[in-house]
Amino acid sequence: MVSLKREREVDLDDDDNEDGVAAKVGRGHAVEDRRSRHCPYLDTINRSVLDFDFEKLCSISLSHINVYACLICGKYFQGRGLKSHAYTHSVQFTHHVFLNLHTLKFYCLPDNYEIIDSSLEDITYVLKPTFTKQHIAGLDKQGKLYRAYDGTTYLPGIVGLNNIKANDYANVVLQAFSNVPPLRNYFLEEENYRGIRRPPGDIMFLLVQRFGELMRKLWNPRNFKAHVSPHEMLQAVVLCSKKNFQITKQGDAVDFMTWFLNALHGALGGTKKKPSIITKAFQGYMRIFSKKLPHPDLPPEEKEALLTTDEYQEQMSESSFLFLTLDLPTAPLYKDEKEQLIIPQVPLFNILAKFNGSTEKEYKTYKENFLKRFQLTKLPPYLIFCIKRFTKNNFFVEKNPTIVNFPITNVDLREYLTEEAQATEKNTTYDLIANVVHDGKPTEGAYRIHVLHHGTGKWYEMQDLQVTDILPQMITLSEAYIQIWKRQESNDGRNNHMGI
């Protein structure tokens with residue numbers, strides 16, 4: 001253990017000394033400069049094996065400190081001093097060009113000089129993409145296809161995410177949020193959140209950093225390959241959620257989305273009173289009217305007496321929401337005369353009636369029962385619907401296969417607002433921009449997502465690494481689970497997002 005520690009110190013000392021070598025004055029400095037500008041090994045770089053999506057760990061010592069990527073085989077090694085793993089690798093395999101993953105500087109080993117060459121800029125851009133304000137402003141106005149280094153063409157933002165084992169439930173949520181313009185624009189510019197101060201020892205900010213990195217990779221127009229692995233992002237999720245959400249175990253997309261939105265809001269310095277980009281995009285307000293019900297086993301006289309007391313009168317409260325849960329009608333238990341189960345269908349406006357201010361629903365707790373009704377008071381710019389497909393009891397999880405019939409554009413929610421809100425809210429019409437679907441059994445199953453590409457107006461279906469274009473008419477036939485709707489601006493009424 002002591003010798004390992006000493007060796008690591010030697011590595012770090014060596015690195016410090018090596019940086020000092022190039023700073024020598026006089027004749028030695030001229031030699032260094034000439035080698036830096038004319039490295040003979042640049043043609044050995046193999047861009048097709050470079051993959052910066054994984055954790056920046058030395059493949060031998062598993063250390064995060066001072067990690068270099070070998071640009072010939074793509075492996076990560078620590079240090080570049082005489083006894084370091086990178087130095088040993090360069091001598092053993094004659095791989096000479098290395099990139100420091102932290103400083104983004106290139107070095108030639110074992111000769112140990114810095115390489116300065118503009119042709120390597122594409123590698124540093126893949127490792128750390130950057131976006132100008134002009135580039136971000138034009139993302140939704142163009143539908144240009146880009147060609148990756150491996151020859152495949154792709155649209156930035158419409159990029160497959162690798163399913164490492166059972167993390168498709170998280171992938172679809174990350175892809176949905178990467179196509180919400182204000183959220184995307186905020187995270188594409190690191191300056192927006194770099195200055196946020198967090199208490200010492202707070203790990204939640206890691207979530208913000210990793211989500212920003214993933215967002216920039218998904219929208220990178222100069223990728224080496226047309227897909228991205230969310231490995232580092234998901235490791236941050238496992239760590240920050242205290243292993244509630246895992247890479248190796250299938251989870252619920254709504255549970256993950258709920259946790260992720262609240263965790264991001266908190267990590268960005270947001271509170272109930274202090275807004276963040278999350279609440280600016282998704283937060284709306286509603287009124288909740290709740291009435292306590294007497295116990296059903298009580299005699300009728302007692303029930304009537306209780307209903308006159310203050311405790312059993314209707315109470316009104318104001319509440320904020322980041323998404324609305326829509327309840328499906330119960331699916332039929334029996335087969336029809338042809339011995340087949342009919343897959344029931346329900347219009348979206350039927351299940352939205354929960355928020356019209358007059359539809360009452362009974363909520364049972366362990367001790368008490370309540371009648372509640374809901375009415376919206378403020379609509380957010382981006383509205384999330386969660387269609388409640390799963391019901392859990394003590395024994396198993398049941399899935400409701402009911403198909404929701406919904407239009408893709410021009411859903412007007414004015415009737416679900418209070419009268420005062422109807423007078424103040426100008427635009428209440430929404431268009432669909434993302435639709436998460438769950439297929440298969442409740443505990444297993446797989447997730448896929450339909451996404452609208454704003455630049456082309458076309459719809460795409462993404463399931464892990466597969467990206468295909470899809471007709472908008474096909475979207476409504478799926479078992480929708482999460483939907484994100486965008487409020488139309490005053491001049492958007494004529495826009496057609498059908499992609500037909």
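Just so we're clear, the structure is a prediction, and the values are computed from it rather than from any experiment.
- To the nearest 0.5 Å, the span separating NE2 on His95 from SG on Cys73 amounts to 5.5 Å.
- Checking Asn400 against Glu479 by side-chain atom types alone, no donor-acceptor pair falls below 3.5 Å.
- Taking a cutoff of 4.0 Å between a charged side-chain nitrogen and a carboxylate oxygen, Arg222 and Asp122 do not qualify as a salt bridge.
- Using a 4.5 Å cut-off on side-chain heavy atoms (C-beta onward), Ser84 and Phe77 make no contact.
- When the shell of 6.0 Å around NZ of Lys75 is examined, it contains 12 or fewer heavy atoms from other residues, nucleotides or ligands.
- Taking CD1 of Ile116 as the start and SG of Cys39 as the end, the distance is 11.5 Å to the nearest 0.5 Å.
- Expressed to the nearest 0.5 Å, how far CZ of Phe390 lies from NZ of Lys399 amounts to 5.0 Å.
- Considering every non-hydrogen atom in both Ala253 and Val173, the closest pair reads O-CG2, 3.7 Å.
- Phe131 has its ring centre no less than 6.0 Å from the ring centre of Trp219.
- Taking 4.5 Å as the limit, some side-chain heavy atom of Ser229 sits within range of a side-chain heavy atom of Ile164.
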Please evaluate residues Phe245 and Phe260 with respect to the criterion ring pair (Phe, Tyr, Trp, His ring centres under 6.0 Å), reporting the C-alpha separation (whole Å), side-chain torsions for both, the decisive distance (0.1 Å), and the verdict.
CA-CA 10 Å; Phe245 300 102; Phe260 188 63; 9.6 Å; no

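- Panel note: side chain Arg35, backbone Cys108; no donor-acceptor pair is recorded below 3.5 Å.
- Side-chain contact between Asn162 and His231 is absent, with no heavy-atom pair separated by less than 4.5 Å.
- The two atoms that bring His265 and Thr271 nearest to each other are NE2-O, 3.0 Å, heavy atoms only.
- In this structure, Arg216 does not pair ionically with Glu213, as no charged nitrogen and carboxylate oxygen lie closer than 4.0 Å.
- Of the N and O atoms on the side chains of Asn100 and Tyr68, at least one donor lies less than 3.5 Å from an acceptor on the other residue.
- Taking the side chain as every heavy atom from C-beta outward, Tyr113 and Ile115 approach each other to under 4.5 Å.
- The two residues Pro230 and Asn171 come nearest to each other via the heavy atoms CG-OD1, 3.5 Å.
- Contact check for Leu206 versus Gln209: side-chain heavy atoms found under the 4.5 Å cut-off.
- With a 4.5 Å cut-off on side-chain heavy atoms, Lys56 and Glu232 count as touching.
- For the residue pair Asn427 and Glu489, no side-chain donor N or O sits within less than 3.5 Å of a side-chain acceptor on the partner.
- Considering Phe187, Tyr193, Tyr186 in turn, Phe187 is the only one that fulfils the ring pair (Phe, Tyr, Trp, His ring centres under 6.0 Å) rule with Phe211.
- When atom types are taken as modelled, the side chain of Thr476 and the backbone of Asn405 share no donor-acceptor pair closer than 3.5 angstrom.
- Residues Gly269 and Ile196 come closest through the heavy atom pair N-CG2, 4.4 Å.
- Between Thr124 and Phe106, the closest side-chain pair of non-hydrogen atoms falls below 4.5 Å.
- Cation-pi geometry between Arg198 and Phe205 is not met: the NZ or CZ atom fails to fall both under 6.0 Å from the ring centre and inside 45° of the normal.
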Might you work through the side-chain contact (heavy atoms from CB on, under 4.5 Å) test for Glu114 and Tyr107, ending with a clear yes or no?
CA-CA 4 Å; Glu114 186 183 344; Tyr107 293 93; 3.9 Å; yes

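- For His102, the NE2 atom is loosely surrounded, since the number of other residues' heavy atoms within 6.0 Å does not exceed 12.
- When atom types are taken as modelled, the side chain of Gln78 and the backbone of Leu57 share no donor-acceptor pair closer than 3.5 angstrom.
- Here the straight-line distance linking atom CG of Leu161 with atom CG of Asp168 works out to 11.0 Å at 0.5 Å rounding.
- Taking the six-membered ring where the residue is Trp, Phe256 and Tyr169 present perpendicular rings, their angle passing 60° and hence far from 30°.
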Full working for side chain to side chain donor-acceptor pair (under 3.5 Å) between Asn410 and Gln488:
CA-CA 8 Å; Asn410 299 322; Gln488 289 182 2; 2.6 Å; yes

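- Of all the heavy atoms in Cys70 and Leu50, the pair that sits closest is O-CD2, 4.1 Å.
- Between Phe323 and Phe282, the gap from one ring centroid to the other reaches at least 6.0 Å.
- Distance NE2/His450 to CE/Met462: 10.0 Å, rounded to 0.5 Å.
- Of the possible donor and acceptor atoms, one in the side chain of Tyr154 sits under 3.5 Å from a partner among the backbone N and O of Pro221.
- We find that Lys392 and Asp252 are not joined by a salt bridge, their nearest charged nitrogen and carboxylate oxygen being 4.0 Å or further apart.
- Partner of Asn435 under the side-chain contact (heavy atoms from CB on, under 4.5 Å) criterion, chosen from Ile475, Leu452, Ile449: Ile475.
- Remark: the backbone N or O of Tyr447 is not paired with any side-chain donor or acceptor of His438 at under 3.5 angstrom.
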Could you go through Ile384 and Leu261, starting from their C-alpha distance and side-chain angles, then the distance that decides it, and tell me whether this counts as side-chain contact (heavy atoms from CB on, under 4.5 Å)?
CA-CA 11 Å; Ile384 304 175; Leu261 282 175; 4.1 Å; yes

Determine whether Leu42 and Leu120 satisfy the following criterion, side-chain contact (heavy atoms from CB on, under 4.5 Å), listing intermediate values before the conclusion.
CA-CA 9 Å; Leu42 292 187; Leu120 302 173; 4.2 Å; yes

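- Within the model, atoms CG of Leu127 and NZ of Lys217 stand 7.5 Å from one another, a figure rounded to the nearest 0.5 Å.
- Taking the side chain as every heavy atom from C-beta outward, Ile45 and Ile123 approach each other to under 4.5 Å.
- For Ala434 against Ala176, the heavy-atom pair with the smallest separation is CB-CB, 4.2 Å.
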Ring pair (Phe, Tyr, Trp, His ring centres under 6.0 Å) between Phe52 and Phe224, intermediate numbers included:
CA-CA 10 Å; Phe52 300 121; Phe224 284 171; 7.5 Å; no

Glu461/Trp459 under side-chain contact (heavy atoms from CB on, under 4.5 Å): CA gap, chis, key distance, verdict:
CA-CA 7 Å; Glu461 179 178 278; Trp459 282 91; over 6 Å; no

